[in-house]
Amino acid sequence: NVVTCSATAGGAVDGDEQATTTDAAGNSVQSDAFFTLDNTPPAAPVCTVTPDPANDGTTLTATCTGVETGATVTIPGYACGAEAGNVVTCSATAGGAVDGDEQATTTDAAGNSVQSDAFFTLDNTPPAAPVITSPTAGQLTNNNTPTVTGTAEPGSTVTVTGPLGETCSVVADINGDWSCDIAPALADGTNLLSATATDPAGNESAAATVSIEIDTSAPAAPVINVPTNGDPVTGTGEPGATVTVTTGSSGSCTALVQPDGSWSCT
């Protein structure tokens, strides 16, 4: 009790046809054989890819908004979900066939389609190593949470790390300048600081390094030898320290403690 008919939509077949059924005696009856003829492409949705920029291996999400109800979206290299609330979400991994110049094809229920850009910037080039301008190599300081400054690629994130995991992080400004205070406090002694720059696509630079000396310990009190009237005041102390001698009146003198620990001033 089934009859199957075929035709090609368009021209004389525009969707308002009726079927005429005739029996062996010549009696006939008509039935609707309607369909909706739709040749209008859907409106092009807006597809936004995040993150942008991205490097190889980054997980991408393309969000297409303004998708016609019931339409499907396909993007080369992406896996796309169903339309929900006029939104379709697609995912992919950057690199290989997915290089940032893809287009999304939206197809409605009638088979009409439209394309939209699904672009992002593929960036696999690491930035140049940052430059540390302060502190300088070999610098001696009693500041164990020094401010580290320098230059790097504008917009990159600079991370400074100390020998025991001390760190600070900051985004270089539009001129490439950056500054951050390392924490927690560095230990006394030699400390190698390392700085890297990571661009918005996730590429990391080579490291720049600087070695500084931290000394937060006060020297022991100097020893004053018993002076003879009219002779220089002498004594011993921490080599490299500056000794200041004052009297009860206005007399004073200063001396640099020598490598052997001795000092003398008049």
Review point. Pick from Ser113, Cys64, Pro45: which one makes a side-chain contact (heavy atoms from CB on, under 4.5 Å) with Thr106?
Key: Pro45
**Study point:** Between Thr147 and Asp181, a side-chain donor and acceptor under 3.5 Å
**Key:** yes
Point to revise | Donor-acceptor under 3.5 Å (Thr234 side chain, Asn225 main chain) | key: no
Point to revise | Spatial distance of atom OG1 (Thr151) from atom CG (Asp173) [nearest 0.5 Å] | key: 10.5 Å
Exercise for review: Could you tell me whether the side chain of Trp263 and the main chain of Leu256 form a donor-acceptor pair under 3.5 Å?
Suggested key: no
Check your understanding: Stepwise, does the side chain to side chain contact (heavy atoms under 4.5 Å, CB included) test hold for Asn142 with Asp215?
Key -> CA-CA 5 Å; Asn142 65 353; Asp215 181 4; 5.7 Å; no
**Study point:** Glu166 side chain vs Pro184 backbone, donor-acceptor pair below 3.5 Å
**Key:** no
Practice item. Hydrophobic side-chain clustering at under 4.5 Å (ILVMFWY, transitive links): who's grouped with Val223? Put none if nobody. Key: none
Review point. Got a sec, which pairs hit side chain to side chain donor-acceptor pair (under 3.5 Å) with one end in residues 50-70, sequence neighbours left out?
Key: Asn55-Thr58, Asn55-Asn203, Asp56-Asn124, Thr69-Asn86
Review point. Are Ile132 and Val170 connected in the hydrophobic side-chain network, where two residues link if heavy atoms are under 4.5 Å apart?
Key: yes
Exercise for review: Would you check if Leu193 and Leu186 make a side-chain contact, meaning some heavy-atom pair closer than 4.5 Å?
Suggested key: yes
Point to revise | Where Pro51 and Leu60 come nearest, the two heavy atoms and their spacing | key: O-CD2, 3.9 Å
Review point. Which pairs count as side chain to side chain donor-acceptor pair (under 3.5 Å) when at least one residue sits in residues 131-140, sequence neighbours excluded?
Key: Thr133-Thr149, Thr136-Gln139
Review point. Rounded to the nearest 0.5 Å, what separation is found between the CG atom of Asp99 and the CZ atom of Phe120?
Key: 7.0 Å
Practice item. Would you tell me whether Asp123 and Thr121 have side-chain atoms, one donor and one acceptor, within less than 3.5 Å of each other? Key: no
Check your understanding: Are side-chain heavy atoms of Val98 and Thr93 found at a separation under 4.5 Å?
Key -> no
